[in-house]
Amino acid sequence: MAEELSLMELLLTNREMSKWREERGRKGQIVGFVPTMGYLHQGHLALMEEALRRADRVAVSIFVNPTQFSPGEDLDEYPRDMERDLKLCRELGVHAVFAPETEEMYPAGFQTRVEVEKLTQNLCGLHRPDFFSGVTLVVTKLFCAVRPHLAVFGEKDFQQLVVVKRLSQDLNLGVEIIGHPIVREPDGLAMSSRNTYLSEDERRSALSLSRSLLAARKLVSEGERNAEVLVAQVKAMIESEPHTRIQYVQVVDEKTMMDLNEVTSGAVMALAVFVGEARLIDNMRLWPE
Ligand code: PAF
C-alpha cells in the first residue's frame, strides 16, 4: 500500500491504462482525470490539485493531439518536455500518467469523428475549423481509456469546458466535468504553454489582454451594458500595444456561447489575440459577482 502511494505509473498504451483503471475499480476508488498536452505550468498543476482533492486516485494524460490542429497551426512547434512533466506530476502526487504515442491514439485506418454542433460554432470554433472536432474526439477516446468519475478542465479554454460538459452529457459518458478558475501570473497574464513563445517585449504587450478585460468589467460595474461599446474599448486597448493582432473579442452567453448585445448576468467576454507568433486566449465574467 505504502509503495502504491509513492510510485507514479507511466502508462503508454490504452491497454495499460485500462488495466490500471480496472484495478482502481476493484478497490472501489474514485478516479479523477486531468487531460493535458504537456509542457505543464502552474495552471495545469492547479487542475491536478483539484482532482487530488476530489478523487482517491488521479490520472493525467500528456498527449499533443494532432487532430485539434489545422494545417499551418503550431503542432510542430508546440513545446514538449516529457521528463520535466513527469517529474512535476510525481512531485505533486499524481498516481498515473497516460502518455500514448500518436499511432496508439490514431492507428492506421482510424476514421471516427465526434462532433458537438451548436456550441462549437462561435469564438474559437469560427477561427480554428478543426479544433473542437479534434478536442471532442480525443477527449472521448481519453475518457474511454481512463473511465474517470470526474475530470478537471481549466476555465481559460472556456468554450472547451462548455463543449466537453455537453459531450459528456450527450453521450452518457458519466464523467463529472469540473471547471477550475484561470490561474494567472502575478502581473495578470493567464498561464499558457504558449506563453513560452513570447519575447520579453511581446510579453509586455500580452498584459493588455487581462488588463483590458478588467477595464471592461469595471465599465460594467459602473453601469455600461452595451456589448459593442465594451468590445470597442477592449480592442482599442489591445491594438494600442505593439506586436498584437486581434482574432476576436466578443461578449457571449456563458451557456450558449452566442453573442450578446447587452450585458446580463451570464455574460462572458472572450478574446483571442496573436501576440507575435503566439495565439493567446483569455476571458472574464463581466457581471459583478
Ligand atoms: O486543453 C487542452 O490542453 C487540450 O485541448 C485537451 C483538453 C488536453 C485535449 O487535447
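We count ligands from 1, going down the list as the structure has it; atoms in each ligand are counted the same way. If you're wondering where the values come from, they're calculated on a predicted model, not measured in any experiment.
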For Leu75, what are the other residues in its hydrophobic cluster, where any two members join if their side-chain heavy atoms are less than 4.5 angstrom apart?
Met37, Val64, Phe69, Tyr78, Tyr197
Should the pair Arg26-Glu23 be classified as a salt bridge under the 4.0 Å nitrogen-to-oxygen rule?
yes
Gap separating the CG atom of Leu52 from the CG atom of Leu92, nearest 0.5 angstrom:
5.5 Å
Counting distance only, does the side-chain N/O of Asp81 pair as donor-acceptor with the main-chain N or O of Tyr39 below 3.5 Å?
no
Evaluate the criterion salt bridge (Lys or Arg N to Asp or Glu O under 4.0 Å) for residue pair Glu50 and Arg53; output intermediate values, then yes/no.
CA-CA 5 Å; Glu50 184 69 42; Arg53 266 193 295 277; 2.9 Å; yes
Could you tell me the separation between the CE atom of Met257 and the CG atom of Leu123, rounded to the nearest 0.5 Å?
6.5 Å
Close N/O pairs between ligand 1 and protein, under 3.5 Å:
from: ligand 1; atom 1: 1 (O); to: Gln160; atom 2: NE2; distance (Å): 2.8
from: ligand 1; atom 1: 5 (O); to: Gln68; atom 2: NE2; distance (Å): 3.0
from: ligand 1; atom 1: 5 (O); to: Gln160; atom 2: OE1; distance (Å): 2.7
from: ligand 1; atom 1: 10 (O); to: Gln68; atom 2: OE1; distance (Å): 2.7

